[in-house]
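It should be emphasised that the depicted structure is a prediction, and the values quoted were computed from it without experimental measurement.
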Amino acid sequence: MRLLFLGDLLGRSGREAALKHIPELRASLKLDFVAVNAENASHGFGLGPDMAQALFAAGADAITLGNHAWDRREIIPYIAQEKRLLRPINFPPGTPGQGSALIPLADGRKVLVAQAMGRLFMDAMDCPFRTTDELLSRHKLGVTTHAILLDIHAEASSEKMAFAHAFDGRVSSVTGTHTHIPTADHQILPGGTAYATDLGMCGDYDSVIGMQKEGAIGRIIRKMPGDRLTPAEGPATLCGAFIETNDATGLAIRIEPVRLGGRLAQAMPKI
């Protein structure tokens, strides 16, 4: 199975890059499944239902959120009925929406996607390790699903690495989101799980993690709140990871970076 996971879409620039390139990449990389983190898609904060619908129409099979899940309040009734839109699985019980989804493909195969949110330097949450372990106690590669993709939305690279090693061999991939900076540690762990600490951002890298530079610099220098941060709107680099799995086991046989357009060095898997 060939899968693509795109990092955080940031504002209009990131949205437009994803809407443009997802159909092209589905064809050129012969993708079976596309997942996208889109918690920053709406002006840098949250996701609107119309934007989610546009991403699904462009070819996204699943969308994950994160700590900005509720910044657009109109997403709350939408997430309650759209099972392919996921918030972190370790939100407290009773939170609207779901943290995982078992998504069928047209050929009958199934992909389980889940997102957990880290706790180091983040809001207080239920344990991401415990809640993910409970989910995986009900799903097994090659039995209930053909692939399992985990999105760990976290600040600390150490927590992301620990999370990946904790579930190595039980899932197809663990890829990080949230920091908006693509890491260069794409690898297959000893148990067969593909890993990258952070997928990076789909947005304008002539910025401070996607936001216009002047406002972000001013906040850091003066240690005072200023005007609301605004997304940079220059050409976007689409960032993510291409993952290929073994049909028999569901474990990874390949993970490579995807970087397309914008300012960053380009990277595209050969098919």
Does a side-chain N-to-carboxylate-O contact under 4.0 Å join [X] and [Y]?
X      : Y      : answer
Arg26  : Glu24  : no
Asp206 : Lys213 : yes
Asp126 : Arg119 : no
Arg84  : Asp61  : no

Please state whether the rings of Phe129 and Phe163 are parallel, tilted or perpendicular, taking 30° and 60° as the class boundaries.
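Judged by the thresholds at 30° and 60°, the geometry between Phe129 and Phe163 is perpendicular.
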May I ask you to decide if the ring planes of Phe45 and His68 are parallel, tilted or perpendicular, using 30° and 60° as cut-offs?
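Aromatic pair Phe45/His68 classed perpendicular.
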Would you kindly confirm whether [X] and [Y] end up in one hydrophobic cluster when ILVMFWY residues are joined by side chain heavy atoms under 4.5 Å apart?
X      : Y      : result
Leu112 : Phe167 : yes
Ile89  : Val111 : no
Val36  : Met201 : no
Leu29  : Ile255 : no
Ile271 : Leu260 : yes

Do other residues, nucleotides or ligands put more than 12 heavy atoms under 6.0 Å from the CZ atom of Arg138?
yes
Would you say Arg12 has more than 12 foreign heavy atoms packed within less than 6.0 Å of its CZ?
no
Assess whether side-chain hydrogen bond (donor to acceptor under 3.5 Å, both in side chains) is satisfied between Asn40 and His180, documenting all intermediate values.
CA-CA 10 Å; Asn40 300 123; His180 297 191; 3.0 Å; yes
Check: [Y] and [X] side chains under 4.5 Å, non-hydrogen atoms:
X      : Y      : answer
Thr131 : Leu135 : no
Leu9   : Leu55  : yes
Leu150 : Thr132 : yes
Phe5   : Val34  : no
Cys239 : Tyr205 : yes
Glu244 : Met1   : no
Leu4   : Ile243 : no
Leu264 : Pro182 : yes

Could you pull out the closest heavy-atom pair between [X] and [Y], with the gap in Å?
X      : Y      : result
Ala54  : Leu19  : O-CD2, 3.4 Å
Arg72  : Leu47  : CB-O, 3.5 Å
Tyr195 : Ala164 : CD1-CB, 3.3 Å
Asp151 : Gly176 : OD1-C, 4.4 Å
Leu65  : Glu39  : C-CB, 3.5 Å
Ala147 : Leu3   : CB-CD2, 4.4 Å

Roughly how far apart are [X] [atom1] and [Y] [atom2], rounded to 0.5 Å?
X      : Y      : atom1 : atom2 : answer
Ile75  : Met51  : CD1   : CE    : 9.5 Å
Thr175 : Ile152 : OG1   : CD1   : 10.0 Å
Ile253 : Ser172 : CD1   : OG    : 11.0 Å
Lys20  : Leu25  : NZ    : CG    : 11.0 Å
Asn37  : Leu6   : CG    : CG    : 9.5 Å
Ser100 : Arg87  : OG    : CZ    : 9.0 Å

Given 3.5 Å as the limit, does a donor-acceptor pair link the side chain of [X] with the main chain of [Y], or not?
X      : Y      : result
Thr237 : Arg263 : yes
Lys160 : Thr177 : yes
Gln98  : Glu82  : yes
Arg15  : Ala41  : yes
Thr193 : Val171 : yes
Glu256 : Met268 : no
Asn90  : Met125 : no
Arg259 : Ala267 : no

Passes side chain to side chain contact (heavy atoms under 4.5 Å, CB included), Leu86 versus Val113? Steps please.
CA-CA 8 Å; Leu86 306 177; Val113 184; 3.8 Å; yes
Looking only at the side chains, is there a donor atom on one of [X] and [Y] sitting less than 3.5 Å from an acceptor on the other?
X      : Y      : value
Asp185 : Thr197 : yes
Thr145 : His139 : no
His178 : Glu155 : yes
Asp204 : Ser13  : no

Please determine whether side chain to side chain contact (heavy atoms under 4.5 Å, CB included) holds for the pair Arg219 and Leu229, giving the CA-CA distance in whole Å, both sets of side-chain angles, and the decisive distance to 0.1 Å.
CA-CA 9 Å; Arg219 286 185 174 210; Leu229 293 174; 3.9 Å; yes
Taking it one step at a time, do Thr144 and Lys110 satisfy side chain to side chain contact (heavy atoms under 4.5 Å, CB included)?
CA-CA 8 Å; Thr144 62; Lys110 298 177 181 178; over 6 Å; no
Give the intermediate values and the outcome of side chain to side chain contact (heavy atoms under 4.5 Å, CB included) for residues Thr95 and Trp70.
CA-CA 11 Å; Thr95 302; Trp70 315 125; 3.5 Å; yes
